[in-house]
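Since the structure comes first, as structure tokens, the remarks are kept for the end.
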Amino acid sequence: MYNVVFLGAPGAGKGTQAAVIAEKMNMAHLASGDLFRKAIERDDDLGRQVKTYLENGQLVPDEVTVNMVLKRIAELDDVTGVILDGFPRTLSQAATLNLALGGHGEKVDRVVYIAVPEAELERRLSDRWVCRGCQATYTSADKEAMESCRKCGGELYQRPDDTPETVKRRLAVYFRETAPLIDYYRQTGTLVEVDGQGEVDGVTARIARAITNR
Ligand code: ADP
Ligand code: ZN
């Protein structure tokens with residue numbers, strides 16, 4: 001299986017891009033944040049365990065996260081590859097992922113780092129509407145022009161962790177806990193950096209190129 005990790009700050013466009021690329025390349029898309037949000041909606045054991053962390057923009061403890069993600073990876077069948085979106089997010093998660101994949105003779109084959117300047121991240125996160133159906137993201141200007149999702153007709157909502165204070169916390173957590181993964185994966189030679197600014201389609205094209213050139 002072809003294992004790809006999407007790395008980048010909140011607001012870098014990981015979710016949007018991962019969905020498009022997964023569809024294009026017939027890969028599974030596994031987004032840890034989406035899985036947590038679904039568990040919270042279902043109000044199951046996992047959901048109750050992680051709710052406060054998401055609301056506060058803090059990381060869910062590694063053990064909980066790793067257990068959930070590894071279980072989902074093990075359940076995948078009939079796919080040529082998987083895009084991990086939002087995982088790993090700490091060096092410890094990355095080490096555990098390596099061990100788990102290594103146990104099946106696999107590895108992280110490619111890491112796509114979507115680079116976006118901090119000011120742009122803040123701007124995007126402060127004006128973000130997300131589709132409940134397909135997780136596509138829009139701005140308030142988009143929303144006024146269309147009311148429901150252009151792709152699937154789903155309802156648009158604002159994530160409770162997109163408030164200014166929580167956005168600040170999430171960015172701080174990202175720079176402290178997750179940004180070190182850039183160097184970590186650079187050292188293993190699996191990292192490709194892609195410019196995440198500009199048109200969505202342009203970014204998609206750059207990522208597609210980065211993934212297929214192997
Ligand atoms: P974003 O990248 O826009 O912040 P995500 O949907 O990827 O959004 O994540 C939302 C929240 O889910 C995070 O703030 C965190 O609380 C939790 N989360 C997601 N992935 C992980 C992870 N790998 N480790 C710990 N917590 C996570
Ligand atoms: Zn949609």
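Atoms within a ligand are numbered from 1 in the order they appear, just like the ligands themselves. All values derive from a computational prediction rather than experimental measurement.
- Using a 3.5 Å distance cut-off with no hydrogens or angles, the side chains of S92 and D62 do pair a donor with an acceptor.
- Counting heavy-atom neighbours within 6.0 Å of Y53 OH, excluding the residue itself, gives a total of 12 or less.
- The number of heavy atoms from other shown groups lying within 6.0 Å of CD (E165) does not exceed 12.
- Using a 3.5 Å distance cut-off with no hydrogens or angles, the side chains of S148 and E155 do not pair a donor with an acceptor.
- No salt bridge links R124 with D127; every basic N to acidic carboxylate O contact stays at or beyond 4.0 Å.
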- Item | Residue pair E193, R186: steps toward the salt bridge (charged side-chain N to carboxylate O under 4.0 Å, His left out) verdict | CA-CA 9 Å; E193 179 168 337; R186 196 175 269 137; 3.4 Å; yes
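- Using modelled atom types, one finds a donor on one side chain and an acceptor on the other under 3.5 Å when comparing D142 with T139.
- No more than 12 heavy-atom neighbours from other residues, nucleotides or ligands sit within 6.0 angstrom of CD on E63.
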- Task: Show your working on side-chain contact (heavy atoms from CB on, under 4.5 Å) between D85 and L30 and close with a plain yes or no.
- Result: CA-CA 6 Å; D85 160 12; L30 223 155; over 6 Å; no
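- Protein atoms of type N, O or S found under 2.8 Å from the Zn ion (ligand 2) total 4.
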Contact table, ligand 1 N/O with protein N/O, distance under 3.5 Å:
from, atom 1, to, atom 2, distance (Å)
ligand 1, 2 (O), K14, NZ, 3.2
ligand 1, 2 (O), R89, NH2, 3.1
ligand 1, 3 (O), R128, NH2, 3.4
ligand 1, 3 (O), R170, NH2, 3.0
ligand 1, 4 (O), R89, NH2, 3.3
ligand 1, 4 (O), R170, NE, 3.2
ligand 1, 4 (O), R170, NH2, 3.1
ligand 1, 6 (O), R37, NH1, 3.0
ligand 1, 6 (O), R37, NH2, 2.8
ligand 1, 7 (O), R89, NH1, 3.2
ligand 1, 7 (O), R89, NH2, 3.4
ligand 1, 8 (O), R159, NH2, 3.1
ligand 1, 9 (O), R89, NH2, 3.4
ligand 1, 16 (O), Q58, O, 2.6
ligand 1, 20 (N), S32, OG, 2.7
ligand 1, 20 (N), G86, O, 3.4
ligand 1, 20 (N), R89, NH1, 3.3
ligand 1, 23 (N), G86, O, 2.9
ligand 1, 23 (N), Q93, OE1, 3.0
ligand 1, 24 (N), Q93, NE2, 2.9
ligand 1, 26 (N), V60, N, 3.0

